[in-house]
Amino acid sequence: MRGRCSWVTWKLLHSIKPPELSRSCSGYVSRVRYLMRLKEDDEACREALKSGSFLLYNNLAPLLKSNNNIYKPAFLKASDLETILKKIGGDKHIVSESVLLGCNENGEAQFSLDVGDLDRSALEQQCEGVFVDLRKAFFMLSGPEAPIVTKGQALIRWHQTNGFCSATGQPTVRNQSGSHRICHSSGITYYPKMSPVVIVLVSDGSRCLLGRQATFPPGLYSALAGFCDMGESVEEALRREVAEEVGLEVETLRFSGSQHWPFPQSSFMVACHATVNPNKTQVSVDKAELEDAHWFTFEEMTEALQLKKPPRISKGEPPMFWVPPSFAIANQLIQEWASQQQLTRN
């Protein structure tokens with residue numbers, strides 16, 4: 001009886017079609033359930049590979065296409081990808097190494113695939129696109145398109161760096177969708193993870209505080225950020241980071257939002273606003289953490305927000321002040337602060 005039930009269940013699972021809109025189940029719910037099936041059912045995922053779309057990466061740089069200087073992720077149909085691989089002498093079986101990304105509104109499965117071992121220029125020519133470093137791509141993509149590009153890179157990188165079990169040292173094996181890896185020696189299952197990070201925009205009521213690390217591009221300042229220590233709450237981590245980095249004590253804080261950030265190794269950014277006593281604003285920068293930090297006025301922030309891409313700096317000129325791109329949650333914090341300041345001024 002048990003064997004019979006298992007066979008019937010298998011038949012039912014494999015008879016499920018990609019999601020369709022219905023009266024009883026919204027499109028979003030259908031897509032989520034379809035994705036869960038693809039994550040857990042290797043055979044269903046292999047079938048989806050035959051009709052899905054693929055976002056290619058070359059050594060973690062995503063493939064973008066331009067139309068009138070408007071860049072978008074260059075998703076390829078499965079049939080087109082197979083044709084391109086054949087033309088450049090690539091092995092069509094590398095498609096099985098793709099990692100499940102998501103599902104578009106039409107119910108089509110989307111995958112990411114790194115083709116760094118293949119000829120880059122030949123791929124760009126055949127795909128009519130260009131591989132772009134992810135940090136640069138942030139300034140070329142619109143907000144809604146950036147998250148799926150960062151997710152694809154993060155998943156690929158996680159698989160590249162988790163090929164062995166931390167307990168036994170034996171190789172781990174991924175499932176077809178890439179939703180997890182298993183060490184068959186220890187039985188441990190590994191799932192892609194993000195590291196929690198607090199990012200905070202500190203204000204004294206009329207100014208906001210930004211800092212910059214030595215690795216930032218010239219002129220770039222951003223909100224303060226730091227990893228949560230083991231056992232810390234978000235509130236504790238935020239207060240500690242502000243005290244460590246700039247020597248200030250937070251009085252109040254307010255949650256704003258969250259975001260996946262692919263650097264340095266897939267961070268989960270928890271964004272907050274914080275205030276300090278306007279009579280205690282003397283900044284003491286920890287040079288081991290930051291290169292610089294200081295207060296900016298509403299006028300300075302408004303001007304910086306108007307820049308849509310990094311400013312070009314001529315040789316010998318001092319760098320112009322600018323802030324992270326619109327996709328970054330640090331930019332969202334700055335926008336929110338500026339909007340609140342505008343309201344208080346009216």
Side-chain angles (χ1 to χ4, degrees), residues 133-139 143 146-147 149-151 153-154 157-158 193-204 207-276 281 283-296 300-301 304-305 307 310 319 321-338 340:
D133 178 80
L134 189 58
R135 291 183 186 272
K136 183 178 179 181
F138 284 160
F139 294 95
V149 173
T150 64
K151 180 180 179 180
Q153 194 220 52
R157 181 166 52 187
W158 183 81
K193 295 177 181 177
M194 298 185 290
S195 300
V197 173
V198 290
I199 181 166
V200 56
L201 189 66
V202 178
S203 174
D204 67 354
R207 301 175 298 171
C208 68
L209 183 69
L210 300 180
R212 62 170 280 109
Q213 298 178 7
T215 56
F216 283 6
L220 174 65
Y221 279 75
S222 185
L224 306 181
F227 289 96
C228 295
D229 281 347
M230 184 66 71
E232 277 187 327
S233 67
V234 169
E235 294 83 356
E236 290 169 336
L238 185 152
R239 294 179 187 277
R240 175 184 54 77
E241 283 292 338
V242 173
E244 285 179 355
E245 294 189 353
V246 293
L248 297 176
E249 187 170 343
V250 167
E251 288 192 334
T252 67
L253 58 91
R254 174 173 57 86
F255 172 76
S256 172
S258 61
Q259 178 185 47
H260 165 251
W261 191 249
F263 310 109
Q265 290 287 338
S266 289
S267 301
F268 179 64
M269 311 293 287
V270 181
C272 299
H273 291 276
T275 62
V276 296
T281 59
V283 175
S284 175
V285 177
D286 179 358
K287 291 296 184 177
E289 295 282 343
L290 297 174
E291 182 182 76
D292 184 36
H294 62 265
W295 295 100
F296 290 88
E300 290 173 316
M301 299 308 302
L305 286 170
L307 294 174
F321 165 57
W322 57 292
V323 295
S326 58
F327 165 66
I329 203 163
N331 186 285
Q332 173 186 310
L333 287 171
I334 295 169
Q335 293 273 9
E336 291 171 349
W337 179 84
Q340 184 61 41

Side chain Glu289, main chain Asp286, donor-acceptor under 3.5 Å: no

Residue pairs involving residues 214-228 (criterion side chain to side chain donor-acceptor pair (under 3.5 Å); sequence neighbours excluded): Tyr221-Asp292

Side chains of Leu224 and Val198 in contact at under 4.5 Å (non-hydrogen atoms): no

Where Glu241 and Ala225 come nearest, the two heavy atoms and their spacing: OE1-O, 3.9 Å

Phe138 and Pro324, any side-chain heavy atoms less than 4.5 Å apart: no

Phe296 CZ to Ile334 CD1 distance, which is reported to the nearest 0.5 Å: 9.0 Å

Nearest heavy atoms of Glu232 and Glu236, plus distance in Å: CA-OE1, 3.4 Å

Pro147 versus Thr150, closest heavy-atom pair with distance: O-OG1, 2.8 Å

Euclidean distance, Met194 CE relative to His260 NE2, rounded to 0.5 Å: 6.0 Å

pair Arg212-Leu220: side-chain heavy atoms closer than 4.5 Å: yes

Derivation of the salt bridge (charged side-chain N to carboxylate O under 4.0 Å, His left out) call for Asp204 and Arg207: CA-CA 6 Å; Asp204 67 354; Arg207 301 175 298 171; 2.9 Å; yes

Lys193, NZ: over 12 other non-hydrogen atoms inside 6.0 angstrom: no

Contacts of Gln340 that satisfy side chain to side chain donor-acceptor pair (under 3.5 Å) - sequence neighbours left out: none

Euclidean distance, Trp322 CH2 relative to Leu307 CG, rounded to 0.5 Å: 9.5 Å

Distance, nearest 0.5 Å, that separates CD of Glu300 from NE2 of His294: 6.5 Å

Sequence neighbours excluded, every pair satisfying side chain to side chain donor-acceptor pair (under 3.5 Å) that has a member inside residues 263-276: Thr252-Thr275, His273-Glu336

Arg135: side chain to side chain donor-acceptor pair (under 3.5 Å) partners, not counting sequence neighbours: none

Polar side-chain atom of Trp295 near backbone of Thr281 as donor-acceptor pair, under 3.5 Å: yes

Stepwise side-chain contact (heavy atoms from CB on, under 4.5 Å) test for Leu209 and Val242: CA-CA 10 Å; Leu209 183 69; Val242 173; 5.8 Å; no

Min side-chain heavy-atom separation Val200-Val250 under 4.5 Å: no

Gln335 vs Asn331 side-chain heavy atoms within contact, under 4.5 Å: yes

Residue list, side chain to side chain donor-acceptor pair (under 3.5 Å) with Trp261, at least two apart or on another chain: none

Closest approach of Cys272 to Leu238 (non-hydrogen atoms, all atoms of both residues): CB-CD1, 3.5 Å

Arg157: partners by salt bridge (charged side-chain N to carboxylate O under 4.0 Å, His left out), with sequence neighbours left out: none

Ala237 versus Cys228, closest heavy-atom pair with distance: CB-SG, 3.8 Å

Residue pair Leu210 / Phe321, side-chain heavy-atom distance below 4.5 Å: yes

Closest non-hydrogen atom pair, Pro262 against Gln153: CB-OE1, 3.9 Å

Exam field: side chain Gln259 to backbone Phe327, donor-acceptor pair closer than 3.5 Å: yes

Side-chain touch Glu245/Val285, heavy atoms, less than 4.5 angstrom: no

